[in-house]
Student: 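A single structure is presented below for examination.
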Amino acid sequence: MQIATWNINSLSVRLPQVLGWLAAHPVDVLCLQELKLTDDKFPFDAIEAAGYEAAAFGQKTYNGVAILSRAPLRDVVRNIPGFGDEQARVVAATLDAPGGPLRIVNGYFVNGQEPGSEKFAYKMRWMEALHDWLRGELAAHPRLALLGDFNIAPEDRDSYDPVGLRETIHHTSEERTHFRALLALGLTDAFRMFEQPEKTFSWWDYRMLGFQKNRGLRIDHILVSEALKPLVESCTVDRAPRKNQQPSDHAPVVAELRG
DNA sequence: ATGGCCAATAGAATTGGA
């Protein structure tokens with residue numbers, strides 16, 4: 001089976017591209033971020049017609065996440081329990097898969113704007129809360145995958161300019177420490193389980209011909225638990241949708257799980 | 001000179017993204 005994540009930067013604008021991509025890549029699970037719409041405007045009918053159930057958690061203008069799944073979803077959690085958050089950034093759900101129940105956690109991590117800013121402090125608090133909540137989630141659901149837009153380039157090789165951008169947003173030591181703390185829970189970056197082309201990224205700035213020059217970052221990730229790790233057969237970035245007319249600035253990341 | 005684009009809101013300029 002295949003699980004995927006894609007920050008689509010407005011579902012209203014990108015719904016046709018999402019449906020088109022799903023038609024060509026009928027993944028079992030697709031986690032979306034930056035819906036930028038409220039749940040009453042979520043296109044449940046079009047998603048259902050494409051063969052998917054959706055657990056949506058949106059808000060007006062900003063943020064918003066959803067899990068699309070071919071199998072029914074249950075035990076849906078919206079945002080991090082106990083962490084009061086005005087912003088819709090997390091949705092989690094369980095589905096039945098060949099090897100047993102699969103827990104999907106979809107996160108739209110805080111951008112953080114600039115180190116030292118209030119938004120950066122919020123990013124740190126948010127990641128600490130996510131980390132602490134995930135410890136229990138992993139204990140309750142050994143077969144767990146954390147997918148989403150992490151807004152962190154975990155290592156220098158995940159950035160087009162690691163020297164020029166050292167300690168800037170997405171590259172700071174603090175952010176990378178938080179990323180490693182997630183790994184220390186027993187999660188593995190599925191992308192790095194395999195040989196990958198140099199300079200593989202998942203986001204490119206709309207400005208400055210970012211995509212054409214491959215000036216990008218790898219900030220969208222799929223992390224898998226110890227129980228899932230032996231089942232991962234591949235993990236790739238699909239650059240093709242970034243070439244669409246009116247593209248999202250992010251590309252989908254897809255992992256193949258055996259079974 | 002450190003930007004240039006894109007989306008939402010509103011109905012022009014601002015906020016946020018990364």
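Side chains are part of it too, since the values below use all heavy atoms of this structure and drop only hydrogens, waters and symmetry mates. Chain letters run A, B, ... following the sequence lines, proteins first, then strands; residues in each count from 1.
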Student: Between dA12(B) and dA7(B), how far apart are the two C1' atoms, rounded to whole Å?
Tutor: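 My reading of the C1' atoms in dA12(B) and dA7(B) gives 16 Å.
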Student: Looking across every strand, which nucleic acid part, if any, lies under 4.0 Å from Phe109(A) by heavy atom: base, sugar-phosphate, or nothing?
Tutor: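 Here Phe109(A) touches no strand at all.
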Student: Kindly work out whether a path of hydrophobic side-chain contacts (I/L/V/M/F/W/Y, heavy atoms less than 4.5 Å apart) joins Val76(A) to Ile104(A).
Tutor: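 Same cluster.
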Student: Write down the distance separating the C1' atoms in dA10(B) and dT14(B), rounded off to the nearest Å.
Tutor: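 Taking atom C1' in both dA10(B) and dT14(B), they lie 10 Å apart.
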Student: In whole angstrom, what separates His221(A)'s NE2 from dA18(B)'s P?
Tutor: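 Rounding to the nearest Å, NE2 of His221(A) and P of dA18(B) are 12 Å apart.
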Student: What is the distance, to the nearest angstrom, from the CG atom on Asn63(A) to the C1' atom on dA18(B)?
Tutor: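 From Asn63(A) CG to dA18(B) C1': 14 Å.
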Student: Check the orientation of Phe201(A) and Tyr160(A). Use parallel for under 30°, tilted for 30 to 60°, and perpendicular for over 60°.
Tutor: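 The rings of Phe201(A) and Tyr160(A) stand perpendicular, inter-plane angle above 60°.
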Student: Using a cut-off of 4.0 Å between protein heavy atoms and nucleotide atoms, how would you tag nucleotides 2-10 of chain B 5' to 3' with B, S and -?
Tutor: --BBSSSS-
Student: Write down the distance between CZ (Phe150(A)) and P (dG17(B)), rounded to a whole number of angstrom.
Tutor: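 About 18 Å, once rounded to whole Å.
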Student: Does Asp220(A) reach a base, just sugar-phosphate, or nothing at all? Heavy atoms under 4.0 Å.
Tutor: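 No contact at all - Asp220(A) keeps every heavy atom at 4.0 Å or more from the nucleic acid.
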Student: Assign Asn7(A) to base, sugar-phosphate, or nothing according to its heavy-atom contacts below 4.0 angstrom with the strands shown.
Tutor: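 Sugar-phosphate contact only.
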Student: Roughly, in whole Å, what's the span from CD in Glu114(A) to C1' in dA18(B)?
Tutor: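 Whole-Å distance recorded here is 12 Å.
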Student: With sugar-phosphate meaning primed atoms plus P, OP1 and OP2, does His171(A) contact a base, only sugar-phosphate, or nothing at under 4.0 Å between heavy atoms?
Tutor: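 The answer is nothing, as His171(A) stays clear of every strand by at least 4.0 Å.
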Student: Output yes when a side-chain donor or acceptor of Arg89(A) lies under 3.5 Å from a complementary backbone atom of Asn79(A), and no otherwise.
Tutor: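 Answer holds: no.
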Student: Figure out the CZ/C1' separation between Arg218(A) and dA18(B), and round it to whole Å.
Tutor: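 From Arg218(A) CZ to dA18(B) C1': 16 Å.
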Student: Roughly how many Å apart are dA1(B) and dG11(B), using the C1' atom of each and rounding to a whole number?
Tutor: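 It works out to 32 Å between them.
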Student: Once you round it to whole Å, what is the distance between C1' of dG16(B) and OH of Tyr122(A)?
Tutor: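 So the OH-C1' distance, Tyr122(A) to dG16(B), works out to 13 Å.
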Student: Hey, does Leu209(A) reach any base, or is it just sugar-phosphate, or nothing, if we go heavy atoms under 4.0 Å?
Tutor: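 Nothing, no heavy atom under 4.0 Å.
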Student: Within the side chain of Asn106(A), is there an N or O that forms a donor-acceptor pair under 3.5 Å with the backbone of Val91(A)?
Tutor: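 Side chain of Asn106(A) to backbone of Val91(A), a donor-acceptor pair under 3.5 Å: no, none is there.
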Student: Would you say Leu165(A) and Ile169(A) are hydrophobically clustered, going by side-chain heavy atoms of ILVMFWY under 4.5 Å?
Tutor: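 No, Leu165(A) and Ile169(A) fall in different hydrophobic clusters.
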Student: Taking the C1' atom in each of dT2(B) and dA18(B), what is the distance between them to the nearest angstrom?
Tutor: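 After rounding to an integer number of Å, I get 15 Å for this pair.
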Student: Applying side-chain hydrogen bond (donor to acceptor under 3.5 Å, both in side chains) as the test, list every pair that has at least one member in residues 137-148 of chain A; sequence neighbours left out.
Tutor: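 Those involving residues 137-148 of chain A are Arg103(A)-Glu137(A).
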Student: Output side-chain donor-acceptor pairs under 3.5 Å for residues 38-51 of chain A, partner residues at least two apart or in another chain, one line each.
Tutor:
{"unit_1": "Thr38(A)", "atom_1": "OG1", "unit_2": "Asp40(A)", "atom_2": "OD1", "d": "2.5"}
{"unit_1": "Asp39(A)", "atom_1": "OD1", "unit_2": "Gly58(A)", "atom_2": "N", "d": "2.7"}

